[in-house]
Amino acid sequence: MLRETVLVFAALVVFAGATTVNQCGSEIPFEDSTQISVSDCDKPTCILKQGTTVTIQIKLVPNRTINNLVNDVGAVLFNVPLPFVGVDGTNACENIYNSDGSKAGCPLQPGVEYIYKNSFDVLPLYPRVSLIVRYALREGNDKVICFDVPSKITK
């Protein structure tokens, strides 16, 4: 299980420029192609190079007040969903910024544009495999945003 967990962590490092991603659980492209940005990846399959740091940015404009956001992050490896230990279930509010770059946190107000920013290291010990990164931000059981990024860990 530990080895699988490491894989899931590596998968997330994939994300920053606009990136084509899919709606969760499908191969249908995400409705707004400018909303999500993964570093060094314009369109899948995103290459995650061992020994690098990858960033993700997500533009959010809530249609209601959001009091709390949680990272809901994992990978699908060989059709098995695995949580991204160390990120999955953690507080996403500390990664929320105003459009001018200043720290926003929660709550998020309706009609206001926010940017979620995070980064992850792809460690050299991560195995080289293909997987799907599933990234979501949720409030309670409600997924505020959810998308899949086909990825591959390489040397």
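Thr65 is listed as a side-chain neighbour of Gln109, based on a closest heavy-atom distance under 4.5 Å. Two residues are said to be in side-chain contact when any heavy atoms from C-beta on lie closer than 4.5 Å; Ile36 and Ile145 meet this criterion. You'll find the side chain of Leu108 stays beyond 4.5 Å of the side chain of Val144, heavy atoms only. Contact check for Val61 versus Tyr114: no side-chain heavy atoms found under the 4.5 Å cut-off. For the pair Asp148 and Val133, the minimum side-chain heavy-atom distance is 4.5 Å or more.
Of the listed residues (Asn91, Asn118, Thr90), just one forms a side-chain hydrogen bond (donor to acceptor under 3.5 Å, both in side chains) with Asn71, and that residue is Thr90. Residue Ile66 is tested with Asn63, Leu69, Asn68 for a side-chain contact (heavy atoms from CB on, under 4.5 Å); the sole match is Leu69.
The main-chain N or O of Lys59 is never found under 3.5 Å from a side-chain atom of Glu113 such that the two would form a donor-acceptor pair.
With a 6.0 Å radius and a threshold of 12 heavy atoms from other residues, nucleotides or ligands, Lys49 has its NZ atom at or below the threshold. Residue Lys155 qualifies as open at atom NZ: its count of foreign heavy atoms under 6.0 Å is 12 or below.
For the atom pair CD1 (Ile58) and CG (Leu137), the distance works out to 4.5 Å, reported to the nearest 0.5 Å. Taking CD1 from Ile153 and CZ from Arg128, the interatomic distance works out to 10.5 Å, rounded to the nearest 0.5 Å. The distance from atom CD1 of Ile47 to atom OG of Ser130, rounded to the nearest 0.5 Å, is 8.0 Å. Distance check, rounded to the nearest 0.5 Å: CG of Asp88 to CZ of Arg134 gives 12.0 Å. To the nearest 0.5 Å, atoms CG (Leu48) and SG (Cys41) are separated by 8.0 Å. Remark: Asn95 CG to Ile56 CD1 distance equals 10.0 Å, nearest 0.5 Å.
Residues Asp100 and Ser102 approach most closely at OD1-OG, 2.6 Å, considering heavy atoms.
Tracing side-chain contacts under 4.5 Å through hydrophobic residues (I, L, V, M, F, W, Y), one never reaches Val73 starting from Ile115; they form parts of separate clusters. Each of Tyr97 and Val112 belongs to its own hydrophobic cluster when Ile, Leu, Val, Met, Phe, Trp and Tyr are linked at side-chain heavy-atom distances under 4.5 angstrom. In this structure, Val70 is not a member of the same hydrophobic cluster as Ile96, with clusters built from ILVMFWY side-chain heavy atoms closer than 4.5 Å.
Ring geometry for Tyr135 versus Phe147: interplanar angle under 30°, hence parallel rather than tilted (30 to 60°).
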